[in-house]
Each structure stands twice: as structure tokens, then as C-alpha cells.
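Bear in mind that the values here come from a model prediction, so they are computed numbers and not experimental data. We name chains A, B, ... by the order of the sequence lines, and we start the count at 1 in each one.
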Amino acid sequence: MKINFIPLDYDYKTIGNKTYMLIYGKTSEGKTCCVIDKAVNFFYILNAENPEKMIKNIEKISQVKKAEITEKNYLEKPERAIKVFCEYNQMQEIARKIELLDKNTETRERDINQITRYILEKKIKPLVWYEIEGNIISDNELNGLANSLDVDLVIELEKIKELKEQIDFKPKILAFDIEAEEFEIGKGEILMISLVSDNIKKVLTWKYCKKAEEYVECFKNEAEMIEKFADYIKKINPDIITGYYSDGFDLPYLRVRAEKNKIDLKLGKDGSRILFSRGNLINARIKGLVHIDLLKFIETVYSQYLQSETLSLNEVSKELLGESKLEIDHNKKSGERNEEEWKDFFSYNLQDSILTYKLFQKFWPDFLEFAHIVQEPLFQLTRYGMSHLVENYIIHNLERFNEIAEKRPIHEEIAERREREKYEGAFVLQPSPGLYENLAVFDFTSYWPSIIVTYNLSLSTFLGEKKQLDSFEVPVAGKKYYFSNKTGFFSSMLKEIIILRKKYKEEYKKDEDPIKKARSNAYKLLANASYGYQGFFGARYYCPEASASATSISRDFTKKIIETINKKDYEVIYSDTDSIAFKLNKHTKQEALNFLKKLNSELPGIMELELEDFYKRGIWVTKRTGEFGAKKKYALVNFQDKIKIRGFETVRRDWCFLAREVQNNILKMILNSGKHEKALEYIKEIIKKIKQREIDKKELIIRTQLKKPLAEYKSISPHVIAAQKIKERGEPIDIGMLISYFIAETQEKKKLVREKVKLPDEKGEYNIDYYLNNQILPAVENIFQVFNINIKEIVEGKKQKKLGEF
DNA sequence: GGATAGCTGTTACC
DNA sequence: ACCGGTAACAGCTATCC
């Protein structure tokens, strides 16, 4: 039979002694389908002294299916490699035996997992439509496999062809969220579970059942509720199940409670349980049903574009959907809630799933495009960090270069790499503090990728520290690194990525299709991460020499451009890595643009400078100590009156809201008018209010993230004390939490700030001295210093003046 | 016991 | 541990006299 099929999830099983792939997906008629195919697996042997002879010995090893010589490249060099075919589960043992045959040989690609290998070889890529021909598998074939799978159709693959006309695919989504009595995994009962899918909104519960809303379904106990939850999943039969931090909370919690209630929670389409990975970062996999935890993907791919100060469901929803979580009192135990409060609790629980569902829809184009570009299945893809995304992109594109993949570093290598000294990074120009008018900012487009491409910087093109034929040198830290003139695959791929990014960005400009935006964005992220990837200890294509060369070249370029700009009677004020801010002086904007063109005509390769914007005004301040200008701190206003603030306390979440707000207002006043008088009146007013205790405590809460376990802190800072206090109350403390506190007045004179820490709901008055001298004044004094105004003297100084008068 | 250099820790910029 | 280095800054800690 012939069907149109789109793969969603990949699995493999050993039946008899053969490995079979199980590709779960959908047909164009909306049926769930599992395509069965024999798996492919092999690895390579390099450096064999006599490959022909060695093949004979390899073929004697039991379980080796076939060994052949292939002409491949390994790190650009031609190799006569031996390709050894075997079952995936035999591979490590066979590879070890082969290594014993000849100690000079090395194995490669035995660290490519079965799913990736299959996608590479059979080209059945995730989320791409195929026309598939094959036979329906009968119940008595393959150990009754077909019978054990909970899908509409099980087909053994015979022929496959990518559909020329791809069909729009909208997966069926089920979002869910649980509420439990206790925060600690499995400690308390699960009180309710909400589910949201197309036309379905449900809250399942058992603890409180009086007069609930229509969407609430009540059961006699926790066990029945959990069972019904599993039933609903089966009945709704979604393609994807999604939650927010469901890897780390909802599913682990469900597992423990199911075990406690002696329920076998078999949600996998092959009848398997939820599979939890071991290790630090737990993930929860359900075979045949793609589980996506939105939080993980947002962290790696989206957080850099978000303004939100935390990645909580509430803040992310507010920013991306314009909707919030509902509010309830989390401190109450079940028994303490009245009817109204239970109702609120149910709608709170439902709202979480609604938000998760909507966020999923928002991110769907990104999932889809990353899957197409990186060619890895959704489950894996959504959990990858940036390095994995880059690396998998590379692996799935090596074939065009006939390259054998480099191996993943082993434990010792990683340890060694992590100990390497840092290489010198980018150049940052120390600004002269001041208020400047009429500025322009130029920056290099995709600076790191364009340097890597233009100068061919990568592991396979790195030739060492000695001059060689057809090479060029890069000076790094008193040494010279040589790279090949012949373009390597890393640079080639990166160049393609940059070109594709440009293409889809322009297409998106013409037609604002979210898919095009997602595609352009995926390429952009891959390009930007490729520089960091080469310096990352876990990378297959780790090459700190390439990274160090890239930064060395970057410093040269930036400094040279600065020099050229200054020579033309412009005046460079500031520069950080790839951007240069300068005064136009007597030049017009058009002249600056012409100048930009000229600069570009002299740049090599794909390197390019562009106008970031023209600015009406900009302010740079001194460092807190010393009279030098502070780097990475400035504020600009463009000719559309849009303000851009970088580095100032305004944008730092570990300062109290008042300090941030006041500084923000002052920067705005100064940038908009070019004068300080209004700002000075304003700050005097604020200071007066603080002294008269007219400030709401809410404005004075300081929030700092807890980045490691409490016990590991060598230095006990205020937020550690605050966290201890929370712990003493019996409330949960978790790494990554934002700890809120304020600094209070104390009875006795206490020296350390931490001795004055109080939690937001603790009784106590705010410490006037602290908020004045450690929050508000530090946030504004450097700004006034630009106008030669010493704000501290003005605040305290009136007394001094009076003293002086006598 | 106070001053302070240096360290730890967080958060930003690019 | 899960892409890199540069930088500002607070507040603690060790060390000095």
C-alpha cells in the first residue's frame, strides 16, 4: 500500500537479533502510523596499516556483517577507511575487539546513535512528508510487534520518496499541568491535573468535589484521577504532549504518585512506561508520543530575545501572549481552602495548561524549522543546547563533503580541555565619560561567523604553529597559528548558513510568514553559536586555536576601523567587539553612509559593516571607582526618540525596582533634553521621599538568583541569608530561584548588610541609610558626575555648607 | 578594631 | 557541563597595622 507519511518520533527495537526502526508519525489522512524498517548501522576504522588484510580479520569477528574499504575524508585529508557494518547493540564490543587487532587504528562514528545514523542513511527526516510504499505487517510477524503498537497502521517500509508538494502539518497538541500538595517531587498528593487540547479543556481532581465548574471532573481518589488522566491521553491521542518544566516536575511527580498508587502508567505507543533519563538533567520520554518541555527549548533558543527577567510560565506568557497566570494563595493546604478557593484553584490549574498550549502554538514554527534544518527528531531537538544543535547540523551535512565525523571527546579529554587557559577575547574601547550629541553606530554583521568564514578558521584547516605550504598566519599571544588556504567544510557550511539566513530574512521582510521568521532565526542562531562551539570543551570540532584566531583578527579589524574613522574627522567614543559608536562632528548622515560604503569596499571576504543607527544623544559615565569611563554601560536616544540603555542598573534585575526606575527616569530626562536640571529636581524629590519613609516597601525588594546549593557558598551574601530564612520556614529552596529580600533597620548597630536582611513579608522598616547610600545614590551619582555635579555632596552637603558658613 | 586589597558571586554586553 | 570572553559592581573575607 501507498501512504503519505510524516515522521514525528523515532525508536528502535531488537527483534530476534536484528534491530528494527520504529518511526511513529501521521498519515495525510490523519491516521497514526508506525513505519517499520531494518536499521542501518556501521562505523569506521582509520589508520589501518593494511586495510585489505585487516578486513579479513575483522570479518572473522562474530556479529560483524560486512567490512569494506571506502574512500573518505577525515578532517579534509583523504583516507582509505574501513567501514564495518554490524547491529547497533553489538557495535561497542566489536569496535573494542578491532582496536585490539591493531593498536594504531582508531574507530570513528561509533558515537553516532542509532536514530541519527538511520536518518543519515535512509534520509527519512523528521517532519518532512514522504510517500511511502510498504506492506501492512500482520500480527504474527516480528514477534507480534504490530499487535503491541497502539497505532492505526503498522507498515513495513519498502519504498520512500519525499513529497515534492509538502503538506501543511498541524500536530494535535495536548498541554497538561499538575498541582500537588507539596512542592517536593512525589512528597504530597497530586490534587489536580489540567488538560488542554483542540476543543478540550479539563481539570481532573478528587480532593474537593462540591459544585465545581463544568470543566472539572471529579474522581474518588488520586489513583482514579491518574488512571483517568492516562485514559484521556489515549482518547485524545495527541501527536505531542507538552508541559512547562514537565521534564523536571510534572512527569517525575506523576511517576512517583503512580507508583505509590500501584498504577502502571504505560503511555508509550508500544506499551512502555515513561522513560526518565539518568543524570543531572532529567528528561521524560514517552515512546511514540513526543513529549516537549517548553522551558528547556525557551532557555536555549528563545531566552536571548526575551525581556522577561525570569523564564517562569507567568512572565514568558505575559511577554509572548499578553496573558498571565491566575493568582492563588500557594501557602494553603488542601484542608484550609474553602469552596471559592477551590474554584479559583481549578481555574488556576486550567489556565496554566491554556498558557502552555498557546505558547506551544507560538513556538511550533520554531520547532518545525529547527527540525528541518538540524534534521533531528523533535524530542531530542527540543532538549539540545546550542552546541548540540550546531553539532547535529554539522553531522547531518558532512556527507556532502564525504567527511567522516570527528569523535566526541571522552571524559579525560573533557577534563583536560576545561583546564585550558582562556584565550584573549574581543576588544572593548574605554570611553571618555560625557554627554555626546549626533552619533552614529556602525557594526559588523555576524562578526564571528564572517571572520571564521573569511579566514577559514576551524579544526580541519588548522595546520599548527609552523609555516606550511598554501597557508596563512594569524598572530595569537606571541605565537603564530597557521591555517590552510583551502576552504574547509566548517567554513563552507557556515557560509551556507549565513547565506540562507540572509535569504530567509529578506523573504520574511517581503512576506511576514512566521515560518520564514523561524527559519531565518534558526540559521542566525546556528551561525552565532558556531564561534562559541569551537571553543567549547564538549565539541567534536573543538579548536580553541580557531577561536583565539577569530578574536585576534576581530581585535585588529575593530582597532583599524576605529583608527580610520578617527582619521576622517569623526570621533570614536566607544567600541565593544563588533560595534563602533562615533560622533559625526561636522559630517552629515549621508556623508557617514558614503563613508560606510567606502569602508565596506575595503573589507575582505564576506565581512561587512552596517549602520546600526544614528543617535541624537548618548551618555557614558565613569566607573564607580576612578575617573575612567565604564565599559558596557551607556544610554542612547535615536532620532525617533527611542531610548537604548545598556549595562546600567536600570537593566540589572539584582537592583531594587526604585533604583532602577529612578535611574531610568533620570537617563530619559537627560537624553531627551540634553540637560540635567529637571533630573536634579527629580532626584532631590525622591531622596526626600526615602528619608520620610514614603516609599512603598515593594519598590525596595532586591531579587538575586540562587545559583548553587546553599551549603556550597563560601561567601555568605545577603541573598544567601534570605534563602536560609526561607528554608527555615520550611519552604522549598531550589537552585535557580530568585530570592527576594529587603534591607531593614535594626535595633543594634549591625555592620554587615546580611545582618539586616529581611524577607518581603517580614515586619520591619526599610533601612533609609542603605537604600540611600547603597541603592539610589550609586545608581545616579555617575550620571550627575557627567555634569560636574556631586550628588552626594548635595544630599549631605548642605550641612557641610552650613558648617562652612560659621 | 578599622581600613582595604582581594576574592566570590551575580548579572550584564557582545 | 551542556556555545565564548570581557566587564562592572556589591558585599564578604582575610590580612594588615
With a 4.0 Å cutoff (strictly under), does any side-chain N or O of Tyr541(A) reach OP1 or OP2 of dC3(C)? no
Per side-chain hydrogen bond (donor to acceptor under 3.5 Å, both in side chains), Tyr542(A) is matched among Gln534(A), Glu413(A), Arg420(A) by Arg420(A)
With a non-hydrogen cut-off below 4.0 angstrom, is Tyr574(A) in contact with a base, only sugar-phosphate, or nothing? nothing
Over all strands shown, is Gly538(A) touching base, sugar-phosphate only, or nothing at heavy-atom distances under 4.0 angstrom? nothing
NA contact type, Ser547(A), heavy-atom cut-off 4.0 Å: base, sugar-phosphate, or nothing? nothing
Can you check whether His719(A) and Tyr713(A) have ring centres sitting under 6.0 Å from each other? yes
Under 4.0 Å, heavy atoms only, any strand: does His388(A) hit a base, just the sugar-phosphate, or nothing? base
Given dC14(B), dG4(C), dA10(C), the nucleotide with the shortest approach to the side chain of Trp655(A): dA10(C)
Look at all strands and tell whether Pro544(A) reaches a base, only sugar-phosphate, or nothing, counting heavy atoms closer than 4.0 Å. nothing
Select base, sugar-phosphate, or nothing to describe what Phe648(A) touches, counting heavy atoms under 4.0 Å on all strands. nothing
Looking for any heavy atom pair under 4.0 Å, which part of the strands does Asn774(A) touch: base, sugar-phosphate only, or nothing? sugar-phosphate
Sugar-phosphate only, base, or nothing, as touched by Arg540(A) at under 4.0 Å among non-hydrogen atoms: nothing
Can you confirm whether the side chains of Ser458(A) and Thr461(A) place a donor and an acceptor under 3.5 Å from each other? yes
Tell me whether the OP1 or OP2 atom of dA10(C) has a side-chain N or O from Arg624(A) closer than 4.0 Å. yes
Which part of the nucleic acid does Arg652(A) contact within heavy-atom distance under 4.0 Å: base, sugar-phosphate only, or nothing? base
Give a yes/no answer on whether the side chain of Ser387(A) brings an N or O atom under 4.0 Å of OP1 or OP2 in dC3(C). yes
For the pair Tyr541(A) (side chain) and Glu406(A) (backbone), establish whether a donor and an acceptor sit closer than 3.5 Å, ignoring hydrogens and angles. yes
Give a yes or no on whether the ring-centroid distance for Tyr302(A) and Phe363(A) is below 6.0 angstrom. yes
Base, sugar-phosphate alone, or nothing: which one does Leu752(A) contact when heavy atoms must sit under 4.0 Å apart? sugar-phosphate
What contact category does Lys422(A) fall into here, base, sugar-phosphate, or nothing, at under 4.0 angstrom with non-hydrogen atoms? base
Using a distance-only criterion (donor-acceptor N/O pair, under 3.5 Å, no hydrogens), is the base of dT11(B) paired with the side chain of Arg653(A)? no
Just N and O in the side chain of Lys631(A): are any of them under 4.0 Å from OP1 or OP2 of dA7(C)? yes
Under 4.0 Å, counting only non-hydrogen atoms across every strand here, what does Gly532(A) touch: a base, just sugar-phosphate, or nothing? base
Does Gln534(A) place a side-chain N or O at less than 4.0 Å from the phosphate oxygens OP1/OP2 of dC3(C)? no
What's Tyr770(A) touching, base or sugar-phosphate or nothing? Going by heavy atoms closer than 4.0 Å. sugar-phosphate
Nearest-angstrom distance, P atom, dC3(C) to dG9(B): 22 Å
